[in-house]
Amino acid sequence: MRIPMKLKADHLPGGPEEISYPPEALGQSLALVDCNNFYASCERVFNPKLNGQPIVVLSSNDACIIALSNEAKEFDIKVGEPLFEKRQIIEKNNIVMCSSNFNLYGDMSRRVMDLLSGFISDIEIYSIDEAFLNFSGCANLDKGKDITEYARTIRQTILKCTGIPVSIGLARTKTLTKIASKLAKKSKKAGGVLNLIDSPYLDKALEKIHVVDVWGVGIKSARKLIEKGIRNALQLKEASDSRIRHTMGINGLRLVYELRGISCHSLDNCPRPKKGILCSQSFGRKVTDIAELKQAITAFVANAAERLRKQKSAARHLTVFMLTGFSEDKQVEKNQSVSIKLPTATNLSSELIRQAMKAVEKIYQNGQSYKRAGVRFDELVPSEQTQISLFEQSDSDKTSRLMETVDRLNDKLGSGALRYGTQGAMHPWKAKSEMVSPRYTTCWDELAEVLAN
DNA sequence: TCTGGGGTCCTAGGACCC
DNA sequence: TCTGGGGTCCTAGGACCC
């Protein structure tokens, strides 16, 4: 099931009536299941003493507030605010502070998602605490069972089995389910489930939603919209196509169609590998020593490379970035970065670290202090297709040793696991190097060893 | 040497999401 | 003193080719 509209960036339709939609664009029954205050709820599952108490969950270095329980939301605290600004309120009101524990949250998330998959097979896990479900064609609902009741059953099951409270919004498009779940969370009457599918109250619901709370509208776009008199989701839904296209681009137009019940974002139920992998961290203090920076970057590269190998990818491109932190006048951070096109795609830590160190040396300025740094791998390719240039043709001794290794590994892994050959036929200008294409990442280390000798 | 236009690829930066 | 750590997609502009 693909996106029904050819709403490409270069295509500006005159209006929805000019396009014919396949039935699934208009008639889907979707749900968003959203865990309430997820991190705070997880902390409560493992420490029931926290039930009923106001809680905030803090980021690494305990620098920022990244989640709040309902009780904590009563105070003047918002997600994303730095702790030092709110410390007084927190201490005065005996709000409990928890340092974040992402292993725990990931584990709880898996439990919730497993339960959901048991109810509905067509599911997209959208984030650590959210999943979209597609009820269209769901066998359990064929016998006229009420979809709202079914959603309540799901909700109760999750709560009973995991201890995590969730809200469920039902609607025709993803954007509308987001709104439904938001309202379900707020309304006491809804009991955690709100169904806006073909609802006569849909427009009333949209009117209650401020534009900045619409999925896909950030602070920048919201400001522009408000300037034009568009304050709520209903006004956004009724705005003219050309106006939206002009102020918010193609994504804005997709979003408005979704508000009108025309699905532009289909369910993505087959998780694709990441297109880029990054690892970065704030130091929590100023770092000026290049040795210390190198040590940190080495750790980041090792972490990111592991994730790279886990999804069976290799990177062709590497970027190291270092930020100086906020300047005295609270203006922007200075972001310095160096990108390196790798000679061949790789997911080998040793090679990636070597390249990253070169980048650090390029960026580093004596006397400059850095507050944050990171590394990013881009242009990822499946590692089965990865080719590494292993040796020069002239080095016949190394060649024969390598061929022996390849044969041995093929014996171990099954023939064809690795192959070797020259690239010369395809790319005459590279005729000097020979290539080996490992199809199994487990071979990397052994190959690397041969290379090193 | 001058002139034009169309097309593609790459990159940096912006905006948004959780 | 103290401002998280991941991601995705789109766009504009420059370089380059024909």
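Residue numbers begin at 1 in each chain, while the letters A, B, ... track the order of the sequences. Just so you know, these numbers use all the heavy atoms, side chains as well, and skip hydrogens, waters and symmetry mates.
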Quiz item: In B/S/- notation, 5' to 3', how is nucleotides 11-18 of chain B contacted by protein heavy atoms closer than 4.0 Å?
Solution: ----SSSS
Exercise. Could you check how far CG of A:Asp268 sits from P of C:dT8, rounded to whole Å?
Key: 12 Å
Exercise. Select from A:Ser60 and A:Lys275 the residue whose nearest nucleotide in DNA chain C is closer to the 5' end of that strand.
Key: A:Ser60
Self-check item: Results of ring pair (Phe, Tyr, Trp, His ring centres under 6.0 Å) for A:Tyr126 - residues two or more places apart only
Solution: A:Phe132, A:Trp215
Quiz item: What pairs with A:Glu238 under salt bridge (Lys or Arg N to Asp or Glu O under 4.0 Å), at least two apart in sequence or on another chain?
Solution: none
Going by atom type alone, with no hydrogens or angles, which donor-acceptor pairs under 3.5 Å involve a side-chain atom of residues 294-305 of chain A and a protein atom two or more places apart or on another chain?
from     : atom 1 : to       : atom 2 : distance (Å)
A:Lys294 : NZ     : A:Glu361 : OE2    : 2.5
A:Thr298 : OG1    : A:Lys294 : O      : 2.7
A:Asn303 : OD1    : A:Arg307 : NH1    : 2.8

Quiz item: Does a side-chain N or O from A:Arg245 land closer than 4.0 Å to OP1 or OP2 of C:dC10, or not?
Solution: no
Quiz item: Got a sec, which pairs hit side-chain hydrogen bond (donor to acceptor under 3.5 Å, both in side chains) with one end in residues 44-56 of chain A, sequence neighbours left out?
Solution: A:Arg44-A:Glu71
Self-check item: Most 5' of A:Leu278 and A:Ile66 on DNA chain C, judged by nearest nucleotide
Solution: A:Ile66
Quiz item: Considering residues at least two apart in sequence or located in another chain, which fulfil the salt bridge (Lys or Arg N to Asp or Glu O under 4.0 Å) criterion with A:Glu227?
Solution: none
Self-check item: Structure string for DNA chain C in dot-bracket form, Watson-Crick and G-U at under 3.5 Å, | interchain
Solution: ....||||||||||||||
Quiz prompt | A:Lys182, NZ atom: more than 12 neighbouring heavy atoms under 6.0 Å | solution = no
Practice problem: Mind checking A:Leu83 for me? I need base, sugar-phosphate or nothing, with any heavy atom below 4.0 Å counting as a touch. | Solution: nothing
Exercise. Indicate, with a heavy-atom threshold strictly under 4.0 Å, whether A:Gly276 touches base, sugar-phosphate, or nothing.
Key: sugar-phosphate
Quiz prompt | Phosphate contact (C:dG4 OP1 or OP2) by A:Ser280 side-chain N/O below 4.0 Å | solution = no
Self-check item: P gap between B:dC17 and C:dT3, integer Å
Solution: 24 Å
Quiz item: Under 4.0 Å between a side-chain N or O of A:Arg254 and OP1 or OP2 of C:dC10?
Solution: yes
Self-check item: Sequence-distant partners of A:Lys189, salt bridge (Lys or Arg N to Asp or Glu O under 4.0 Å), two or more places apart
Solution: none
Quiz item: Can you check whether A:Lys371 has a side-chain N or O nearer than 4.0 Å to OP1 or OP2 of C:dC2?
Solution: yes
Exercise. Flag yes if more than 12 heavy atoms outside A:Arg152 fall under 6.0 Å of its CZ atom; otherwise flag no.
Key: yes
Sequence neighbours excluded and cut-off under 3.5 Å, please list the side-chain donor-acceptor pairs for residues 98-108 of chain A, or say none.
from     : atom 1 : to       : atom 2 : distance (Å)
A:Ser99  : OG     : A:Asp62  : OD1    : 3.0
A:Ser99  : OG     : A:Asp62  : OD2    : 3.3
A:Ser100 : OG     : A:Leu58  : O      : 2.9
A:Asn101 : OD1    : A:Asn103 : N      : 3.4
A:Asn101 : OD1    : A:Leu104 : N      : 3.2
A:Tyr105 : OH     : A:Glu43  : OE2    : 2.6
A:Tyr105 : OH     : A:Asn101 : N      : 3.3

